[in-house]
Amino acid sequence: MTTAQPLDVQPTPLALLLLGREADPRSERGVECPGDLPAPSDPDLVERARAAKAKLGDKVFVLGHHYQRDEVIQFADVTGDSFKLARDAAARPDAQYIVFCGVHFMAESADILTSDEQQVILPDLAAGCSMADMATAEQVAECWDVLTEAGVADVTVPVSYMNSSADIKAFTGKHGGTICTSSNAERALNWAFEQGQKVLFLPDQHLGRNTAVRDMGMSLDDCVVYNPHKPNGGLTAEELRAAKMILWRGHCSVHGRFSLDSVNDVRERIPGVNVLVHPECRHEVVAAADYVGSTEYIIKTLEAAPAGSKWAIGTELNLVRRLANRFAAEGKEIVFLDKTVCFCSTMNRIDLPHLVWALESLADGKVVNRIEVDPEVASFSKLALERMLALP
């Protein structure tokens, strides 16, 4: 039997994030791991952030997504998922600056829903979303042409996940569709099927498939996957005509990594464990889980869980660790579903140095990294969002 040797990893932030420091990532368990993010390089950053935020006072409103690291979350005025935060921003019209600690599409949604007098700031413009980037406006327009040629565009209603760019939301609004979140996807699909015969679901295939099959009773045969990198999406006109759900070939890089093996492994290691996963996970993972729901559902389920219960959570690691610490005093055992580190790498680009830079710049009267959505794009995006808000 050979002894596993430590990985030869250079101590860069990226290496620390993905692989951990001198550790075999295949051996990780629970919510503690050698892949912890490095501490802020400047010990004065916390005090600088406090000072800048205090100087700005009510002029600034800081939003913190659940997946943000703790060093950032501590400065958030409110926390939540992407749509909740965008609505929170809109509910604070007196705040001149909205600092969104999240990713690009979230800041776009906040800009769409807030007034023209408010300015939305993203501390690091490189904080994107791999899922949202899997569907571009050009690709979706080409897809619609394919549907038109197949004779099904007129009976197809686009439904786009909140985790999409403003351009995709605008396409959805322009073509009579609606936006959905992981909480209301079933309601959005029911509405869409009242408007037409088929749904083009963008950009996360897993949420679309899980909602259609698990929640609405459709079969996997009712679903086809449109691959934008293949001619005609890799589908025939007959396949498009037969399908009820046309799923875009997109996924979340965090939730997509969970596997059926992860579920089986944690059940073997922790007898009596409850498996709770996000609906962005693969279909076989969702089918094998005990509970499935949005980020807010995950939090509320753990809040209501009895003391001494055991939970394996399939979602982003920053949130899982925060929940494990929060409920430890109640005797709730909460572990990460997968064996390896699973931070959202783009979400974690919003770190304390970037937040301090953004806040200090605003305190000095300089607006940096403002997110502005084109007015026409914003108009059609808002139309799609308003359809979602009007869902029964």
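Quantities reported herein were computed from a predicted structural model and do not represent experimental measurements.
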Between the side chain of [X] and the main-chain N/O of [Y], is any donor-acceptor distance below 3.5 Å?
{"X": "R241", "Y": "V152", "answer": "no"}
{"X": "D265", "Y": "S262", "answer": "no"}
{"X": "K198", "Y": "L240", "answer": "yes"}
{"X": "E316", "Y": "C344", "answer": "yes"}
{"X": "D351", "Y": "H354", "answer": "yes"}
{"X": "T346", "Y": "G128", "answer": "yes"}
{"X": "K169", "Y": "S164", "answer": "yes"}
{"X": "Q139", "Y": "T136", "answer": "yes"}
{"X": "R249", "Y": "H229", "answer": "no"}
{"X": "N210", "Y": "H206", "answer": "yes"}

Rounded to the nearest 0.5 Å, what separation is found between the [atom1] atom of [X] and the [atom2] atom of [Y]?
{"X": "N163", "Y": "S109", "atom1": "CG", "atom2": "OG", "value": "9.0 Å"}
{"X": "D154", "Y": "Q197", "atom1": "CG", "atom2": "CD", "value": "10.0 Å"}
{"X": "R257", "Y": "C252", "atom1": "CZ", "atom2": "SG", "value": "11.0 Å"}
{"X": "N227", "Y": "L247", "atom1": "CG", "atom2": "CG", "value": "12.5 Å"}
{"X": "L337", "Y": "C281", "atom1": "CG", "atom2": "SG", "value": "7.5 Å"}
{"X": "S130", "Y": "H251", "atom1": "OG", "atom2": "NE2", "value": "6.0 Å"}

Subject >> Validation row, ring centre Y226 to ring centre F201 under 6.0 Å >> reply: no

Who pairs with [X] by side-chain hydrogen bond (donor to acceptor under 3.5 Å, both in side chains), at least two apart in sequence or on another chain?
{"X": "S115", "result": "E117, Q118"}
{"X": "H278", "result": "none"}
{"X": "N274", "result": "none"}
{"X": "R187", "result": "none"}

Is there side-chain contact between [X] and [Y], with heavy atoms separated by less than 4.5 Å?
{"X": "W191", "Y": "N184", "answer": "no"}
{"X": "R322", "Y": "I73", "answer": "yes"}
{"X": "P158", "Y": "W144", "answer": "yes"}
{"X": "I299", "Y": "H66", "answer": "yes"}
{"X": "H104", "Y": "I371", "answer": "yes"}
{"X": "V263", "Y": "F258", "answer": "no"}
{"X": "M245", "Y": "F193", "answer": "yes"}
{"X": "N232", "Y": "T236", "answer": "no"}

Subject >> Test side-chain contact (heavy atoms from CB on, under 4.5 Å) applied to L302 and I313, step by step >> reply: CA-CA 10 Å; L302 293 176; I313 313 299; 4.2 Å; yes

Original post:
So does K244 have more than 12 non-hydrogen atoms from other groups sitting under 6.0 Å from NZ?
Top reply: no

Subject >> Crowding at CD, E142 (>12 non-hydrogen neighbours, <6.0 Å) >> reply: no

Let me check something: any side-chain donor-acceptor pairs from residues 379-392 under 3.5 Å, sequence neighbours excluded? List them with distances.
unit_1	atom_1	unit_2	atom_2	d
S381	OG	A166	O	2.9
S381	OG	A170	N	3.3
S381	OG	V377	O	2.8
R387	NH1	G173	O	3.1
R387	NH1	G177	O	2.8

Original post:
Should F343 and R321 be marked as a side-chain contact (heavy atoms from CB on, under 4.5 Å) after you check the CA-CA gap, both sets of side-chain angles, and the distance that decides it?
Top reply: CA-CA 11 Å; F343 292 108; R321 296 177 69 185; 3.8 Å; yes

**OP:** Quick one: list whatever passes salt bridge (Lys or Arg N to Asp or Glu O under 4.0 Å) with E360, sequence neighbours left out.
**Re:** R48

Subject >> Contacts of D290 that satisfy salt bridge (Lys or Arg N to Asp or Glu O under 4.0 Å) - sequence neighbours left out >> reply: R267

Original post:
Could you give all pairs that pass the salt bridge (charged side-chain N to carboxylate O under 4.0 Å, His left out) test and reach residues 323-334, with sequence neighbours left out?
Top reply: E303-R326, E330-K332

Original post:
salt bridge (charged side-chain N to carboxylate O under 4.0 Å, His left out): which pairs involve residues 120-136, sequence neighbours left out?
Top reply: D124-R349

Closest approach of [X] and [Y], non-hydrogen atoms and distance?
{"X": "M106", "Y": "S82", "result": "CG-CB, 3.5 Å"}
{"X": "A135", "Y": "V140", "result": "CB-CG2, 4.2 Å"}
{"X": "I168", "Y": "A137", "result": "CD1-N, 3.9 Å"}
{"X": "A243", "Y": "V224", "result": "CB-CG2, 3.6 Å"}
{"X": "A52", "Y": "A363", "result": "O-CB, 4.3 Å"}
{"X": "G102", "Y": "L122", "result": "O-CD1, 3.9 Å"}

All N/O donor-acceptor pairs, side-chain side in residues 86-100, below 3.5 Å, sequence neighbours left out:
unit_1	atom_1	unit_2	atom_2	d
D88	OD2	K84	NZ	3.0

Original post:
Which word best sums up how the rings of Y67 and H255 line up, parallel for under 30°, tilted for 30 to 60°, or perpendicular for over 60°?
Top reply: tilted

ILVMFWY network linking [X] to [Y], side-chain heavy atoms under 4.5 angstrom:
{"X": "V254", "Y": "M347", "result": "no"}
{"X": "V356", "Y": "V60", "result": "yes"}
{"X": "L319", "Y": "V78", "result": "yes"}

Subject >> From CA spacing to verdict: side-chain contact (heavy atoms from CB on, under 4.5 Å), M134, Q205 >> reply: CA-CA 11 Å; M134 290 176 190; Q205 61 171 305; over 6 Å; no

**OP:** Taking ring-ring contact (aromatic ring centres under 6.0 Å, His included) as the test, write out the residues that go with F61, two or more places apart.
**Re:** none

Subject >> Within residues 283-304 or reaching into it, pairs that qualify as ring pair (Phe, Tyr, Trp, His ring centres under 6.0 Å) - sequence neighbours excluded >> reply: Y291-W311

**OP:** Determine, stepwise, if the pair K55 / D364 fulfils side-chain contact (heavy atoms from CB on, under 4.5 Å).
**Re:** CA-CA 9 Å; K55 183 177 179 180; D364 290 339; 3.9 Å; yes

